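A short worksheet on the structure shown next.
Since the model is a prediction, treat every value here as computed from it, not as a measurement. One-based numbering along the sequence shown.
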Amino acid sequence: MSEGATTVALPTSVRRRGPELSVPVRSAASILAGLMLYASFPPRTGWWLAPLAIAVLTAVLHGRRRRAGFGYGYLAGLGFFLPLLPWVGVYVGPVPWLALAAIEALAVGIFGALAAALSRRPAAPVSIAAAWVVTEAIRARIPFGGFPWGRLAFGQAEGPLLQLASLAGPAGVGFAVAVIGTAVVTTVIAARERRPAVAMGSMLLAAVAFAAAPLVGMRDSARFPASTVTVAAVQGNVPRMGLDFNAQRRAVLDNHVAATERLAVDVASGRAPRPQLVVWPENSSDIDPLRQADAHAELDEAAAAIGVPILVGAVLDNGDGTSGNSALVWDPVTGPGARHLKRRLVPFGEYLPLRPVIERLWPAAAQAGRFVPGDGTGRVELNGVPVGVATCYEVAFDDAVAESVRAGAQLLVVPTNNATFGRTEMTYQQLAMSRLRAVEHGRSVVVAATSGVSALITPDGAVTNRSAMFTADVLVGELPLGTRLTWATRLGSGPEVLAAAAVMWILLIGRQKAHTHPITKTGSF
């Protein structure tokens with residue numbers, strides 16, 4: 001060093017800065033994070049992989065610029081959604097699957113941009129976890145009504161964090177998963193930078209997030225009321241899987257009638273308890289029983305045989321070229337009664353958004369259905385029991401289920417048709433959603449599927465009985481009825497609003513605090 005040269009003392013954190021990882025390494029780590037997140041979802045039981053996936057992605061994003069953060073986040077999104085959603089195109093080819101995965105990955109890209117910016121702000125573990133909640137809330141609503149599939153909470157059915165759903169719903173569970181991952185990364189970074197207070201605080205945050213779930217579960221362990229109901233879920237099965245389900249509609253109806261009549265024989269002989277209500281799946285009668293005399297007669301026979309009302313998944317012809325996807329109460333004495341018309345329809349499946357434009361751009365899209373959504377609360381009376389109906393796709397939407405419970409539903413039913421998705425993971429992913437809804441609202445759930453998996457679920461999310469796929473089966477069991485509202489039911493979208501407010505506050509108002517307590521781009525991540 002020449003005489004008179006000035007010695008500049010570098011900050012401790014800069015002196016300990018580890019080697020920077022290359023773009024290819026960060027990209028590979030981002031994809032790995034997405035794959036780990038996918039591996040945490042049913043039918044696998046590795047729920048613990050989800051917080052590790054968030055930790056890996058958060059480490060990749062630490063200190064990056066927003067544009068780079070978006071890119072890494074988008075790669076993670078592709079790593080997650082591409083293997084999660086192939087059931088979308090199992091019989092129609094890869095285009096819908098690839099397009100949907102590419103669109104959904106944008107939300108993870110937005111998370112990446114937010115997380116990159118928030119990593120340089122105070123309270124980064126909390127705000128980054130909140131950013132994940134916000135981006136999930138966005139994609140659950142847009143475009144075309146949203147697509148909530150793949151929310152962090154839906155992969156936690158086998159884990160202890162599931163119990164947090166009764167406190168703050170899917171948003172609360174997702175936040176807990178994410179904050180454990182972000183807190184782990186902050187702990188490691190703070191330890192490398194010799195900031196013991198930050199490291200200890202982050203460790204405590206992760207521990208509290210993990211420990212809160214069992215405490216919530218203990219608090220709610222005695223929540224089951226004395227009132228119960230005996231239910232039957234009928235899975236009649238289909239002659240063959242595939243998109244020609246509608247061509248089999250008479251056989252499918254016959255299968256469900258036959259299964260119900262066999263149940264009636266078992267009840268009469270004492271081999272099975274008498275149910276108070278029976279639930280058939282979505283599309284169990286694709287022949288409109290209100291217009292077709294033969295279907296009407298078959299349903300009369302089935303209801304008379306079992307002697308209690310049946311909730312029938314029936315497609316109703318509106319007479320103007322459109323249809324309604326209904327859950328129709330069929331009484332053994334009075335016949336057809338109250339109905340729930342599916343409110344959340346599958347875009348490009350049950351209906352075609354912007355039909356004139358889309359049909360011109362993509363002629364094959366004209367095959368999409370012409371169903372129209374219903375209104376109401378989703379609550380129907382079934383043999384005196386207030387039942388909340390979430391038909392198939394609807395169970396993924398927070399508000400669709402919560403509205404039924406707030407309207408007085410004491411039992412939730414999920415009539416679903418998974419036959420058009422073959423032996424894919426779709427049915428297991430949907431079953432996990434039903435388990436979360438049970439805990440979220442403190443209600444038992446009956447899942448009735450045409451081809452499986454059907455299940456009976458108690459309010460703690462436990463599956464007491466389930467069917468196999470593509471077999472005819474009838475599940476009969478006694479389930480608790482719920483009457484009280486959980487905190488999650490009361491709060492509704494409140495946790496998502498709170499998360500959005502926290503992210504905006506940290507980004508917009510927290511700039512000055514970020515200069516006072518900077519989180520530097522350090523560490524060997």
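- Residues V447 and S434 come closest through the heavy atom pair CG2-OG, 3.6 Å.
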Please walk me through it: do R466 and L431 pass side chain to side chain contact (heavy atoms under 4.5 Å, CB included)? CA-CA 10 Å; R466 63 186 290 174; L431 176 60; 3.9 Å; yes

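- Remark: the T486 side chain and the H441 side chain contain no N/O donor-acceptor pair separated by less than 3.5 Å.
- Here A472 pairs with N237, R262 under the side chain to side chain contact (heavy atoms under 4.5 Å, CB included) rule; sequence neighbours left out.
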Under the side chain to side chain contact (heavy atoms under 4.5 Å, CB included) criterion, do V476 and V231 qualify, and how do the steps go? CA-CA 6 Å; V476 184; V231 301; over 6 Å; no

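- The shortest distance between side-chain heavy atoms of L152 and W132 falls below 4.5 Å.
- Shown here is D320, whose CG atom has more than 12 heavy atoms of other residues, nucleotides or ligands within 6.0 Å.
- Smallest separation of non-hydrogen atoms from W280 and V312: CE3-CG1, 3.8 Å.
- To the nearest 0.5 angstrom, S404 atom OG is 11.0 Å from L411 atom CG.
- Applying the 6.0 Å contact sphere to CZ of F210 captures no more than 12 heavy atoms from other residues, nucleotides or ligands.
- Defined by atom type and a distance below 3.5 Å, a donor-acceptor pair is present between the side-chain atoms of S467 and Q235.
- Only one option out of W87, F154, F80 pairs with W149 in a ring-ring contact (aromatic ring centres under 6.0 Å, His included); it is W87.
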Pair E496, D398 - check side chain to side chain contact (heavy atoms under 4.5 Å, CB included), show working. CA-CA 11 Å; E496 293 173 326; D398 294 353; 4.1 Å; yes

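- A 4.5 Å side-chain heavy-atom check between P353 and Y351 finds at least one atom pair inside the cut-off.
- At a cut-off of 3.5 Å, with distance as the only test, a side-chain donor of R271 or S269 sits close to an acceptor on the other residue.
- Ion pairing of R139 with E104 is present here, as a side-chain N (NZ or NE/NH1/NH2) and a carboxylate O approach within less than 4.0 Å.
- Classification of R406 and E403 as a salt-bridged pair fails, no side-chain N sitting under 4.0 Å from a carboxylate O.
- Taking the ring centroids of F41 and Y428, they lie at or beyond the 6.0 Å cut-off.
- Between T483 and Q410 the shortest side-chain heavy-atom distance falls below 4.5 Å.
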Checking side-chain hydrogen bond (donor to acceptor under 3.5 Å, both in side chains) for the pair E158/T45: CA distance, chi angles, key distance, verdict? CA-CA 6 Å; E158 295 291 342; T45 57; over 6 Å; no

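- Enclosure of atom CZ in R274 is not indicated, since only 12 or fewer non-hydrogen atoms of other residues, nucleotides or ligands lie within 6.0 angstrom.
- A499 and V133 get closest at one heavy-atom pair: CB-CG1, 3.9 Å.
- A salt bridge links E381 with R379: the distance from a Lys NZ or Arg NE/NH1/NH2 to an Asp or Glu carboxylate oxygen falls below 4.0 Å.
- Of the inter-residue distances, the one linking D331 atom CG with L382 atom CG reads 9.0 Å to the nearest 0.5 angstrom.
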Run the side chain to side chain contact (heavy atoms under 4.5 Å, CB included) check on L290 and L316 step by step: do they pass? CA-CA 7 Å; L290 304 184; L316 304 181; 4.0 Å; yes

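- In this structure a side-chain-to-backbone donor-acceptor pair under 3.5 Å is present from N383 to Q276.
- Going from atom CD of Q292 over to atom CD1 of I287 covers 7.0 Å, rounded to the nearest 0.5 Å.
- Taking both residues in full, the closest heavy atoms of V445 and A438 are given as CG2-CB, 3.7 Å, listed atom of the first, atom of the second, then distance.
- No hydrogens or angles considered: a donor-acceptor pair under 3.5 Å links the side chains of E394 and H340.
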Can Q430 and T416 be said to form a side-chain hydrogen bond (donor to acceptor under 3.5 Å, both in side chains), step by step? CA-CA 9 Å; Q430 191 178 62; T416 181; 2.8 Å; yes

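- Under a cut-off of 6.0 angstrom, the local environment of CZ in R291 is crowded, with over 12 non-hydrogen atoms contributed by other residues, nucleotides or ligands.
- Side-chain contact between L82 and W97 is present, with at least one heavy-atom pair separated by less than 4.5 Å.
- Under the 30°/60° scheme for interplanar angles, the aromatic rings of Y393 and F397 are found to stand perpendicular.
- Separating the CD atom in Q156 from the OG atom in S40 is a distance of 6.5 Å, to the nearest 0.5 Å.
- One finds no salt bridge joining R250 and D286 here, because no Lys/Arg side-chain nitrogen approaches an Asp/Glu carboxylate oxygen to under 4.0 Å.
- A side chain to side chain donor-acceptor pair (under 3.5 Å) with T450 is found for exactly one of N417, T420, N418, namely N417.
- Nearest heavy atom pair, residue L162 against residue L436, reads CD1-CA, 3.8 Å.
- Nearest approach of V308 to P275, heavy atoms of both residues: CG1-O, 3.3 Å.
- Between V108 and L106, the closest side-chain pair of non-hydrogen atoms is not below 4.5 Å.
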